Amino acid sequence: MRVMEAVGADDKGYFASLLGIDSSELNQESIRLLRGSLILMNQDTGNGRMLSCVALVEALGQIARFNPISMPLSYSEPKYHIQHSSWVKEANVAQALAQFVYACRPDDEPQRVKDTAEYALITSATMSLLEQSRHDAWVPGMESGSGWTKVFRVTSAGRDRVARALNTDVPKTSVPRYERGEWLSVTEAAELLINDVSGIDLDKAKARVSKAATEKRFRTNGISGRDRRIDRDSFSTWRLEQRENDLDRQG
């Protein structure tokens, strides 16, 4: 069975509903990419989720409503607006990716769905399958400087990886349920923490996670060093505390 045949051909309405858009906004190519993204996500592997994210960004980049808009000359006349095709705002990627994670893993808790989506996006950018930039989405009424947001688009390497993945055969045996999702490595946990705490890089985040693990701030497998693994649920609770503490310091 080919990857593109693994999901039914008549899925326009399904994907439109999943993304919260009108089906008329989808073309044949975006549907092909969305279908491939769902298949890759359903493989339930780290590589599958990463490539699913890349395919999803490529699809969203072809849908006008998800492209960032710049208004350099006039805020009242749309003819002056500049649409940045292929680029997608981080918030749009995160929301759509979470929907795809949930579609494949409906029994997961909401926080786990969110963390899975976040990690897929982080790894895609880290592996240079996505290009990341900043976009000024400021409009009248917003405070000066408050419109900056992250945006992503697929790199040539990402496009090539997805194309090759979608041209391979899907295993005919069923994929086992997610087994490693309950545990994070220190690096995986640190990459999640970076999104919640300002002013830290990966090394500092890893040091903070390791220190907290040693102090038993969350549950681990009881092993130190490279084989240490962290319980995702209890780590998510600790992450929330760190995020709130950071916001309090900024306030």
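In what follows, residues are counted from 1 in the order of the sequence shown. Everything quoted here is computed from the prediction, not taken from an experiment. Basis for what follows: all heavy atoms, side chains included, without hydrogens, waters or symmetry-related copies.
The structure places CD of Q132 at 8.0 Å from CG of L121, a figure rounded to the nearest 0.5 Å. In this structure, E58 CD and S30 OG are separated by 10.5 Å, a value rounded to the nearest 0.5 Å. Separation of atoms CG (L19) and CG (L56) is listed at 7.0 Å; rounding is to 0.5 Å. In this structure, the separation between CG on L97 and CD on E90 is 11.5 Å, given to the nearest 0.5 Å. Between I230 atom CD1 and S185 atom OG the span is 7.5 Å, to the nearest 0.5 Å. Atom CG of L193 sits about 11.5 Å away from atom CG of L184, to the nearest 0.5 Å.
Looking at residues two or more places apart in sequence or on another chain, you find no side-chain hydrogen bond (donor to acceptor under 3.5 Å, both in side chains) involving S156. When the salt bridge (charged side-chain N to carboxylate O under 4.0 Å, His left out) test is applied to R153, the partners found at least two apart in sequence or on another chain are E131. Applying the salt bridge (charged side-chain N to carboxylate O under 4.0 Å, His left out) rule to K211 yields the partners E215; only residues at least two apart in sequence or on another chain are considered.
Closest heavy-atom contact between K89 and P68: CG-CG, 4.2 Å. Here the shortest heavy-atom pairing between A189 and V209 reads CB-CG1, 4.0 Å. Across all their heavy atoms, I200 and A205 have their closest contact at CD1-CB, 3.8 Å. Closest non-hydrogen pair, L51 versus A165, comes out as CD1-CB, 3.8 Å. What you find for M50 and S124 is that their closest heavy atoms are O-OG, 3.1 Å. Minimum interatomic distance between D115 and S236 (heavy atoms only, all atoms of both residues): OD2-OG, 2.8 Å.
A heavy-atom distance below 4.5 Å is not found between the side chains of Q99 and V113. Looking at heavy atoms from C-beta onward, T187 lies in side-chain contact with E191 at the 4.5 angstrom threshold. Residues L192 and R239 are in side-chain contact: their nearest non-hydrogen atoms beyond the backbone lie under 4.5 Å apart. Residues M41 and R105 are not in side-chain contact: their nearest non-hydrogen atoms beyond the backbone lie 4.5 Å or more apart. Side-chain contact between L38 and C104 is present, with heavy atoms from C-beta onward closer than 4.5 Å. Using a 4.5 Å cut-off on side-chain heavy atoms (C-beta onward), T214 and R228 make contact. Side-chain atoms of V154 and L129, non-hydrogen and from C-beta on, never get closer than 4.5 Å to each other. In this structure the side chain of D231 never reaches within 4.5 angstrom of the side chain of F218, judged on heavy atoms.
For the residue pair S128 and T155, no side-chain donor N or O sits within less than 3.5 Å of a side-chain acceptor on the partner. For the residue pair N245 and E241, no side-chain donor N or O sits within less than 3.5 Å of a side-chain acceptor on the partner. No hydrogens or angles considered: nothing links the side chains of T45 and N47 as a donor-acceptor pair under 3.5 Å.
Residue Y14 is grouped with residue L60 when hydrophobic side chains (ILVMFWY) are merged at heavy-atom distances under 4.5 angstrom, including chains of intermediate members. Y119 and V197 fall within a single hydrophobic cluster, where Ile, Leu, Val, Met, Phe, Trp and Tyr are joined by side-chain heavy atoms under 4.5 Å apart, directly or via other members. No single ILVMFWY cluster, assembled from side-chain heavy atoms under 4.5 Å apart, contains both V151 and I122. Each of W87 and V54 belongs to its own hydrophobic cluster when Ile, Leu, Val, Met, Phe, Trp and Tyr are linked at side-chain heavy-atom distances under 4.5 angstrom. The same ILVMFWY cluster, assembled from side-chain heavy atoms under 4.5 Å apart, contains both L40 and M127.
Between R49 and the options T116, D44, N42, a side-chain hydrogen bond (donor to acceptor under 3.5 Å, both in side chains) holds for only D44.
Using a 4.0 Å cut-off between charged side-chain N and carboxylate O, E109 and K114 make no salt bridge.
Ring geometry for F15 versus F100: interplanar angle under 30°, hence parallel rather than tilted (30 to 60°).
No side-chain donor-acceptor contact under 3.5 Å links S210 to the backbone of A207. Not a single donor-acceptor pair under 3.5 Å links the side chain of S37 to the backbone N or O of L33. Distance alone, capped at 3.5 Å, is enough to place a donor-acceptor pair between the D201 side chain and the K204 backbone. For Q62 (side chain) and A59 (main-chain N/O), no donor-acceptor pair under 3.5 Å exists by modelled atom type. Panel note: side chain S234, backbone R219; a donor-acceptor pair is recorded below 3.5 Å.
Within 6.0 Å of CD on Q95 lie no more than 12 heavy atoms contributed by other residues, nucleotides or ligands. Within 6.0 Å of CZ on F66 lie more than 12 heavy atoms contributed by other residues, nucleotides or ligands.
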Practice problem: Check the pair R65 / I21 against side-chain contact (heavy atoms from CB on, under 4.5 Å), numbers first and verdict last. | Solution: CA-CA 9 Å; R65 74 159 65 206; I21 64 176; 3.3 Å; yes
